[in-house]
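Structure first, then comments.
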2 protein chains.
Amino acid sequence: MDSEDLTGAQSLAAFAALANPHRLRILGALADGRQYVSLLARQLGMSRPLLHMHLQKLQAAGLVAGELELSEDGKAVKYFETTPFSLHVTPQAIKALVPTLPEAADRKETD
Amino acid sequence: MDSEDLTGAQSLAAFAALANPHRLRILGALADGRQYVSLLARQLGMSRPLLHMHLQKLQAAGLVAGELELSEDGKAVKYFETTPFSLHVTPQAIKALVPTLPEAADRKETD
DNA sequence: CTCACGTGTCAGTAAATTCTTACATGTGTC
DNA sequence: GACACATGTAAGAATTTACTGACACGTGAG
């Protein structure tokens, strides 16, 4: 995922997802490799429902991806990993993305 | 301002500042050049107190800088401009910045 | 003096985010 | 059957963020 391909709404979701210390630590932990939810919660010292919520936001922003697998002993285990995102944030990049923001787009269409 | 120089807290403030459509439009408008508050509020169609609040957040995050000047006819006018920031956001970059997050630092110091 | 223009700030409300507790499901083992 | 482990989700409280409206100040022009 590259900065240039993102719309305003997608960038907004990505920035919002990054604007939280828990989610940064989740991304940091997943940068080394994939991990499943319950173990990740124990490693980071947070409750599983809370981690679940944060992972949902990261996934909605396209920063992580999860896949449900069956372990050898038959249990369902959900692994998450980071997507190979690369955002380059500069004033000019933001200016280029402003016309694709939801509100601005609405204004252009409906006027 | 370069990504590598930022601490966790500073990155967090920057991401939080970027996670708002109004603030992206403010940055987009200032990417072309400096502007003063009242005129910028009219251009963007938002109230001046609201713009003031957003500019405070952008300034606290180090994304814009403001300087108070006296116009030719003696009035105090405050101009804002973008700082030349350049953030490169990748999973590895985030991992490197996790140890400098406030909570993690506290935990390391106080244990 | 009043008006128009610039600045900043405070109080209150509306809305979104964050977090905990408790519940539900399914599988393998003792 | 009861336990340990995995999954997901829903309700409610606490906190933070976003926004409006009203107020303050100062200057130059009519």
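Residues A:G74 and A:K57 each lie close to DNA chain C; by heavy-atom proximity, the contact nearer the 5' end of the strand is made by A:K57.
Between A:H22 atom NE2 and C:dT20 atom C1' the separation is 13 Å, expressed in whole Å. Taking atom CE on A:M53 and atom P on C:dT18, their separation rounds to 6 Å, with Å as the unit.
Residues that satisfy the side-chain contact (heavy atoms from CB on, under 4.5 Å) test with A:R42, not counting sequence neighbours, are A:Y36, A:S38, A:L39.
The shortest side-chain heavy-atom distance between A:Q59 and A:V64 falls under the 4.5 Å cut-off. B:F80 is not listed as a side-chain neighbour of B:L58, based on a closest heavy-atom distance of 4.5 Å or more. Annotation: side chain of B:K78 is in contact with side chain of B:L68 (closest heavy-atom distance under 4.5 Å). Counting heavy atoms from C-beta on, the side chains of A:L63 and A:T82 never come closer than 4.5 Å. Side-chain atoms of B:L6 and B:L97, non-hydrogen and from C-beta on, never get closer than 4.5 Å to each other.
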Self-check item: Contact letters for nucleotides 2-16 of chain C, in which S counts primed atoms plus P, OP1 and OP2 and B counts the base, heavy atoms under 4.0 Å
Solution: ---BSBBB-------

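If you walk DNA chain D from 5' to 3' and mark each nucleotide with an atom closer than 4.0 Å to a heavy atom of chain B, the marks span D:dT17 to D:dG28.
Taking 4.0 angstrom as the limit, A:N20 places none of its side-chain polar atoms (N or O) nearer than this to OP1 or OP2 of C:dT17.
The backbone N or O of A:G62 sits less than 3.5 Å from a side-chain atom of A:T83, completing a donor-acceptor pair.
Ring geometry for B:H88 versus A:H88: interplanar angle of 30 to 60°, hence tilted.
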